[in-house]
2 protein chains.
Amino acid sequence: MVRSVTERASPGRHGCAGGRDILHTGPRVGGWHTARVTLPSARPPVPLEPLLALDARLDGVWAWVQTQMRPDAAHDDAHLLRVARWTLRCAPDVPPVLAVAAALSHDVVNLPKNHPQRAQASERSAQAVREALPGLGFTPDGVNEVALAVRDHSYSRGARPETPLGAALQDADRLDALGALGVLRVAGVGGQLGRALLDPLDPWAQAREPDDLAFTVDHFFTKLLRLDGTFLTAAGQVEARRRTRTMRAFLTELAAELEVEPPA
Amino acid sequence: MVRSVTERASPGRHGCAGGRDILHTGPRVGGWHTARVTLPSARPPVPLEPLLALDARLDGVWAWVQTQMRPDAAHDDAHLLRVARWTLRCAPDVPPVLAVAAALSHDVVNLPKNHPQRAQASERSAQAVREALPGLGFTPDGVNEVALAVRDHSYSRGARPETPLGAALQDADRLDALGALGVLRVAGVGGQLGRALLDPLDPWAQAREPDDLAFTVDHFFTKLLRLDGTFLTAAGQVEARRRTRTMRAFLTELAAELEVEPPA
């Protein structure tokens with residue numbers, strides 16, 4: 001996994017660190033947003049290096065996560081980097097090194113969706129953080145803050161984080177389950193699990209209990225469309241609303257293709 | 001698989017056979033279409049039975065396909081039924097029994113995406129049709145017409161069908177790779193194959209060759225966005241254009257989430 005982000009020529013460690021915030025100025029129609037993005041060049045950004053450049057200790061966190069984590073298509077390096085970016089945004093008053101350290105390590109113990117101990121993965125990740133971060137130059141308070149956030153981030157555990165960093169990490173991780181990324185990730189997990197795409201007789205689970213072990217589309221109704229009300233930070237709430245509109249527009253289009261009415 | 005479409009109470013074999021065409025009257029904005037659908041009731045349709053009701057021989061075709069086919073999430077019963085509906089629409093002058101028989105049997109030999117003989121699957125399906133359909137009440141001319149269409153439908157084989165039924169089946173199968181359904185199916189196949197979602201450094205494969213064995217999103221550029229110009233029937237061309245707009249809107253939204261410019 002490291003190779004995929006290090007083997008290319010890049011404009012330099014700090015080359016993309018500034019001026020990349022998306023400007024939400026495009027016309028918004030039907031829940032869709034026409035992106036206007038300011039980029040330093042036409043070349044897509046290098047997402048890892050500007051994050052690691054925030055603090056020298058993050059190199060160690062990244063290297064440690066790479067040796068520990070069992071990645072999958074929905075929880076790969078790119079997911080960690082997107083979560084790191086949004087954790088920074090959702091926790092503007094938290095030291096950036098802690099925000100990035102929490103994001104990079106939040107899935108360090110990653111169990112498959114259908115693993116019986118799935119709900120304990122975040123607690124096991126937090127324990128791993130407590131063991132590893134002291135040796136990587138973090139203070140006891142910093143280790144504790146990161147570990148608490150990692151412990152409480154997960155959806156399946158159902159905890160409400162007690163700290164600003166915890167709230168930011170939970171929001172950032174949930175954002176990555178929404179929108180176009182969320183659609184791709186939920187369908188990819190469906191392929192991994194071998195579940196059917198949808199129930200052709202009742203695609204929105206209106207006359208039955210939704211069952212997201214059986215049908216990929218059911219996961220919109222068991223989780224994805226329910227997330228919008230759970231965000232804790234201002235930045236997370238705004239982006240969650242936008243990405244939820246994206247998913248609803250997607251389901252409306254899917255309904256047209258299936259020739260059924262869209263979900264309520 | 002048969003159970004999933006037969007075990008429920010249904011409004012009767014002919015209950016949903018008419019009046020279900022989607023009306024494309026909703027406002028269309030940003031490539032997205034707000035669906036307006038007339039349905040006989042709020043209950044979603046039973047997709048199989050009205051199709052089989054077109055001709056008594058189709059029960060036999062369906063039962064045969066069920067015993068032979070190795071389904072996967074992207075090539076399941078629901079896919080066969082969607083392809084059957086669109087084959088009928090794209091071949092208005094072909095006997096409906098042949099259109100549905102071709103659609104139901106087009107993937108009867110289904111090989112995985114990464115199988116070395118993948119490109120021969122449609123020829124092997126056609127051979128299976130030639131062996132099975134004479135015993136199911138089809139005339140030699142009917143068998144031949146179905147087999148030719150099945151042989152030539154596949155994208156990977158690259159044939160241009162010689163008959164109206166062949167053109168209709170190819171269009172119907174390609175339509176199911178596009179739009180919101182196409183997004184879900186390509187991501188699901190990605191999960192099956194264990195490939196990464198996208199290349200975070202170059203998600204639209206602008207500075208490298210697209211590689212859809214490595215990245216799910218690359219498949220938009222190796223195939224999905226290229227299909228629009230390949231449709232052969234009037235109905236297929238119109239719907240392909242609509243579904244391609246859907247995919248482009250999806251990628252625009254994905255770009256906003258990735259904070260890069262959308263693909264050209």
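Order of the sequence lines sets the chain letters (A, B, ...), proteins ahead of strands, with each chain counted from 1. These numbers come from a predicted model, not from an experiment.
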Undergrad: Counting heavy-atom pairs under 4.5 Å with chain A, which one of B:Gly194, B:Ala187, B:Gly190 comes out on top?
TA: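 Top option by heavy-atom pairs under 4.5 Å: B:Ala187.
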
Undergrad: With a 4.5 angstrom heavy-atom cut-off, is it the side chain or the backbone of B:Trp86 that approaches chain A, or both, or neither?
TA: side chain

Undergrad: So what's closer than 4.5 Å to chain A heavy atoms on B:Val217: side chain, backbone, both or neither?
TA: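 Contact with chain A is through the side chain of B:Val217 alone.
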
Undergrad: Is A:Glu239 salt-bridged to A:Arg85, cutoff N-O under 4.0 Å?
TA: no

Undergrad: Salt bridge check: are B:Asp211 and B:Arg195 linked by an N-O gap of less than 4.0 Å?
TA: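 No, B:Asp211 and B:Arg195 are not salt-bridged.
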
Undergrad: Which answer fits B:Leu175, side chain, backbone, both or neither, if we ask what part of it has an atom under 4.5 Å from a heavy atom of chain A?
TA: neither

Undergrad: Sequence neighbours excluded, which residues qualify as ring-ring contact (aromatic ring centres under 6.0 Å, His included) partners of A:His219?
TA: none

Undergrad: Salt bridge between B:Glu253 and A:Arg242, side-chain N to carboxylate O under 4.0 Å?
TA: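 Between A:Arg242 and B:Glu253 there is a salt bridge, with a charged N closer than 4.0 Å to a carboxylate O.
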
